[in-house]
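The structure under discussion appears below in the form of structure tokens.
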Amino acid sequence: MRYSTTLIPTLRETPVEAKVISHQLMLRAGLVRQLGAGIYTWLPLGLRVLRRVEQIVRSEMDRAGAQELLMPAVQPAELWQESGRWGYYGKELLRIIDRHQRDFCFGPTHEEVITDLVRREVRSWRQLPANFYQIQTKFRDEIRPRFGVMRGREFIMKDAYSFDMDEAGLDRSYQLMFQAYQRIFQRCGLRFRAVEADTGAIGGASSHEFHVLASSGEDAIASCDSCGYAANVEKATAALPIAIPHTEPMQPLVEVETPGQASIEAVSQFLSLPPQRLIKSLVVMDEADHCSLLLLRGDHELNEVKMRAVLGSGVTLPAAEQVEQLTGLPVGSLGPLHTELPVIADLALRGGHDMVCGANRRGYHLTGVNWDRDLTVSQFADLRAVVAGDGCPRCATGLLQLDRGIEVGHVFKLGVKYSQALNATVLDTDGQAHHPIMGCYGIGVSRIVAAAIEQHHDANGIVWPLALAPFAVVIVQLNAKEAEATVVAEQLYQELQRRSIDVLWDDRDERAGVKFKDAELIGVPVQLVVGGRSLKEGRVELRQRRGGEAVLIAPDQAVATVVQMLNQLDTGEP
RNA sequence: CGGGGUAUAGCUCAGCCUGGUAGAGCACUGGGUUCGGGACUCAGGGGCCGGAGGUUCAAAUCCUCUUAUCCCGACCA
């Protein structure tokens, strides 16, 4: 492709709205432009990258035996009413009304549509297992789109749905997808980790997320430094510390004055006690405004996903002022003694003794709080967020570390939720009707583009892995008006194209500096510099975007050397 | 949805407080010089200051409403 006839609107300056590096570079390199909040146009260069990701995904899905199809983006409300999600899904579902006043939605996901298809078309166990996938535009009306295409409202996703006769079949389908995903992210040149994930509102069976490791990631993931355990922090648990029996006699329960000391930190300093000795008391509330009191060790934070797993999905943390209205006490003075609220304590508190908590009296705390003698609770539960250094829940030796990740894939055992709701049945060998057991498997195709940039960039711009690069080679012709350079550049251009190598020929009438800067910005892995002093010596320059020395070679050797270099890049050899 | 910003040329922004009819840099067009790391110079084009209403002799500037967008938080099969 010739640069002069391609729209690659690179920007010298960084648009203010872009906060993360991938968003900045996608705008600067002319990959995308924003049309509205969370809605983007893919420009020629960006689209080429997107297509690369799609092709990798497609080839691995096909290899795993999945069948590609394409479902409608717009879906009738009836299907969603049938599954119960029309009411459940909330405002994230973009609803549309047609000219006949009929309700539709723009599909955020396609469980209903695929299940409807299967219920109509699949009759016999002989047709299973089956796995259908599509690569398609989705729309989720996110509360807050951000970070460019990383969290857009309209985005491109590969979604796949497997159907099996029994659990064992689902396990096989799930494993196949799990392996396909590993191959996909490897081929994309991404550093990633598969982690156990919260199953959310759907509940039940197992689920894994695939995260690209990046400091800007929106998710935190915990992993063991010793065994293979890795989980989203929403789900991650920690080993309980080994309880050290305390031999000293219990302190007496004393009410002490703590004027104006409202936070854990303040009370800890005021009483000269480590935060671990304090009990953090949190009021939570369900939809019916019923309150409970949650207890955590002072140095621990509440994991709201775990909280909802214990108390129900509608439970929230009211604001401090609201708590004060409800209880008549400032949040800093709440405590589990002499309260009428049900009290649930985090597991990590169980080993504590001589603890400190709010006295349920403004400006006072209780010290010397001990289990059984002073305090009983209705339930112990895992409520806290793990922190780096916690013991691994799986192995005896490992410690958990925390990393940031960008979720690019999710595999999920659905079970019969949708086949049951939509009454899809398949006959088994005995002629009995069964609801097929489903799995669903998503990959954020457009998000992968952003995630790849988060991992592969430097001060000068994007450094594409070859597998995702919009072009494998860019010919940087230094002077567009230099006849000899044009002849050589054109020969190289045609020869590379003949070998099916994607090449961008920068034939623009621009200064050398501009062309170098743009070549770096757009991140094409291999640069061929044609013109100037090296051409006078009968040479062209070959260099790699990721760094290293430029090599001077004769033009008639150049293509062969490029091919060699690309092969090395392909295998990841230095 | 709650809180906080922003909206002026294609982009990044100044001007607003203290009203007097719009600017810079980059980009764009033409000329000249330059030509291997985002050139220099001369001359130009381009904005009904997001929209509506109000105050005023006069509004980019003050007031009200509205729309869009960004950030923080809650949300996320």
Side-chain angles (χ1 to χ4, degrees), chain A residues 9-20 23-24 27-28 30 33-39 80 83-85 88-93 107-112 114-115 138 140-148 150-153 155 157 159 161 197-205 207 209 218-219 232 234 304-305 308 313-319 321-322 407 410-415 417-418 438-442 444 460-461 476-482 485 508-521 527 529-536 539-541 543 550:
Chain A
T10 56
L11 302 175
R12 186 186 304 219
E13 291 169 288
T14 303
V16 274
E17 72 267 18
K19 305 295 170 188
V20 296
H23 190 195
Q24 292 173 356
L27 293 170
R28 285 232 291 140
R33 284 295 182 264
Q34 179 170 331
L35 183 63
I39 305 178
W80 285 71
S83 72
R85 287 159 111 191
Y88 174 80
Y89 214 92
K91 284 191 265 188
E92 202 178 317
L93 185 64
T109 177
H110 282 70
E111 281 85 2
E112 282 83 357
I114 195 70
T115 309
K138 310 275 196 210
R140 293 182 188 176
D141 200 353
E142 292 277 350
I143 294 167
R144 187 147 90 84
R146 62 189 124 176
F147 304 150
M150 195 110 92
R151 192 176 201 60
R153 294 195 294 171
F155 58 99
M157 183 170 166
D159 49 329
Y161 306 90
D198 178 55
T199 48
I202 282 198
S207 167
E209 290 169 352
E218 290 189 82
D219 289 291
N232 192 308
E234 290 178 347
E304 296 192 31
V305 173
R308 293 198 177 93
S313 59
V315 173
T316 52
L317 274 167
E321 305 81 62
Q322 209 178 343
E407 183 189 349
H410 198 164
V411 295
F412 204 105
K413 290 185 183 174
L414 275 180
K417 179 182 164 92
Y418 294 95
M438 295 173 61
C440 70
Y441 316 92
N460 294 317
V476 181
Q477 185 185 338
L478 293 181
N479 187 339
K481 291 173 182 153
E482 196 179 339
R508 292 175 299 168
D509 186 12
E510 284 287 351
R511 298 173 63 82
V514 172
K515 295 189 173 198
F516 282 128
K517 288 290 185 192
D518 279 339
E520 307 275 309
L521 222 205
Q527 303 170 358
V529 181
V530 177
R533 52 175 186 253
S534 54
L535 192 62
K536 286 196 180 68
R539 294 287 187 272
V540 295
E541 282 167 50
R543 53 181 157 188

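This one's a predicted model, so the numbers in the text were calculated from it and none came from an experiment. Protein chains get the first letters and strands the later ones, always in sequence-line order, with residue 1 at the start of each.
Counting non-hydrogen atoms under 4.0 angstrom, A:Met438 reaches nothing in the nucleic acid. Note on A:Pro9: nothing from the nucleic acid sits closer than 4.0 angstrom, heavy atoms only. Across all strands shown, A:Arg508 has no heavy atoms under 4.0 Å from either base or sugar-phosphate atoms. Looking at heavy-atom distances under 4.0 Å, A:Glu234 makes no contact with the nucleic acid at all.
Nucleotides B:A9 and B:G5 are separated by 23 Å at their C1' atoms, to the nearest Å. Nucleotides B:C17 and B:G10 have their C1' atoms positioned 30 Å apart, rounded to a whole Å. Here, B:G54 and B:G19 have their C1' atoms 15 Å apart, quoted to the whole Å. On the C1' atoms, B:A58 is 16 Å away from B:A22, given to the nearest whole Å. Separation of the P atoms belonging to B:A14 and B:U6 is 10 Å when rounded to the nearest angstrom. Between B:G50 and B:A7, the distance separating the two P atoms is 8 Å to the nearest Å. B:C49 and B:A59 are spaced 11 Å apart, taking the C1' atom of each and rounding to whole Å. Nucleotides B:A77 and B:G15 are separated by 45 Å at their P atoms, to the nearest Å.
Per the geometry, NZ belonging to A:Lys515 stands 13 Å off P belonging to B:G37, to the nearest Å. When the P atom of B:G37 is taken as reference, atom CD of A:Gln527 falls 14 Å away, rounded to whole Å. In this structure, A:Tyr89 atom OH and B:C75 atom P are separated by 16 Å, rounded to whole Å. Residue A:Glu482 contributes atom CD, which lies 9 Å from atom P of B:G36 at whole-angstrom precision. Taking atom CZ of residue A:Phe516 and atom P of nucleotide B:G38, one finds them 10 Å apart after rounding to whole Å. The separation between A:Arg151 atom CZ and B:C75 atom P is 12 Å, rounded to whole Å. In this structure, A:Asp509 atom CG and B:G36 atom C1' are separated by 15 Å, rounded to whole Å. If you measure from atom CG of A:Leu478 to atom P of B:G37, you get 9 Å, rounded to the nearest angstrom.
Here B:A77 sits opposite no nucleotide as a Watson-Crick or G-U wobble pair (both hydrogen-bonding atom distances under 3.5 Å). When both pairing distances are held under 3.5 Å, B:C62 makes a Watson-Crick or G-U pair with B:G54. Across every strand in view, B:U6 sits in a pair with B:A68 that passes the Watson-Crick or G-U test at under 3.5 angstrom. With a 3.5 Å ceiling on both atom-pair distances, the Watson-Crick or G-U wobble partner of B:A24 is B:U12. B:G47 is unpaired under the criterion used here, namely a Watson-Crick or G-U wobble arrangement in which both key atom distances are under 3.5 Å. B:G38: no Watson-Crick or G-U partner with both key distances under 3.5 Å is found in any strand.
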Just the table, please: protein N/O against nucleotides 68-74 of chain B N/O, every pair under 3.5 Å.
residue : atom : partner  : partner atom : Å
B:U69   : OP1  : A:Ala37  : N            : 2.9
B:U69   : O3'  : A:Gln34  : NE2          : 3.4
B:C70   : OP1  : A:Gln34  : NE2          : 3.2
B:C72   : OP2  : A:Arg144 : NH1          : 2.7
B:C72   : OP2  : A:Arg144 : NH2          : 2.4

With 3.5 Å as the limit, what N/O pairs link the protein to nucleotides 26-35 of chain B?
residue : atom : partner  : partner atom : Å
B:A27   : OP1  : A:Arg12  : NH2          : 3.4
B:U34   : O2   : A:Arg511 : NH1          : 2.6

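With A:Arg146 contributing its side chain and A:Arg151 its backbone, the two residues share no donor-acceptor pair below 3.5 Å. Between the side chain of A:Tyr418 and the main chain of A:Ile114, no donor-acceptor pair closer than 3.5 Å is present. Although no hydrogens or angles enter the test, the distance criterion places a donor-acceptor pair under 3.5 Å between the side chain of A:Arg28 and the main chain of A:Leu11. Here the side chain of A:Glu92 pairs no donor or acceptor atom with the backbone of A:Arg140 at under 3.5 angstrom.
A donor and an acceptor atom, one from each side chain of A:Glu520 and A:Gln527, are located under 3.5 Å apart.
Between A:Asp518 and A:Arg508, some side-chain heavy-atom pair lies under the 4.5 Å cut-off. Side chains of A:Leu27 and A:Glu17 form a contact here, defined as non-hydrogen atoms less than 4.5 Å apart. For the pair A:Gln34/A:Pro15, no side-chain contact is recorded, criterion being any heavy-atom separation below 4.5 Å from C-beta on. The shortest side-chain heavy-atom distance between A:Arg153 and A:Ile39 falls under the 4.5 Å cut-off.
Taking 4.0 Å as the cut-off between side-chain N and carboxylate O, A:Lys91 and A:Asp141 do not count as a salt-bridged pair. Using a cut-off of 4.0 Å between Lys/Arg side-chain N and Asp/Glu carboxylate O, A:Glu111 and A:Lys417 are scored as not salt-bridged.
Along RNA chain B, the nucleotide nearest to A:Cys440 and the one nearest to A:Asn460 differ in position, and the one closer to the 5' end is contacted by A:Asn460. Taking the nucleotide of RNA chain B with the nearest heavy atom to each of A:Thr10 and A:Tyr441, the more 5' of the two is matched to A:Thr10.
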Next item on the list: List the steps, then state whether side-chain contact (heavy atoms from CB on, under 4.5 Å) holds for A:Asn460 with A:Phe516.
Entry: CA-CA 10 Å; A:Asn460 294 317; A:Phe516 282 128; over 6 Å; no
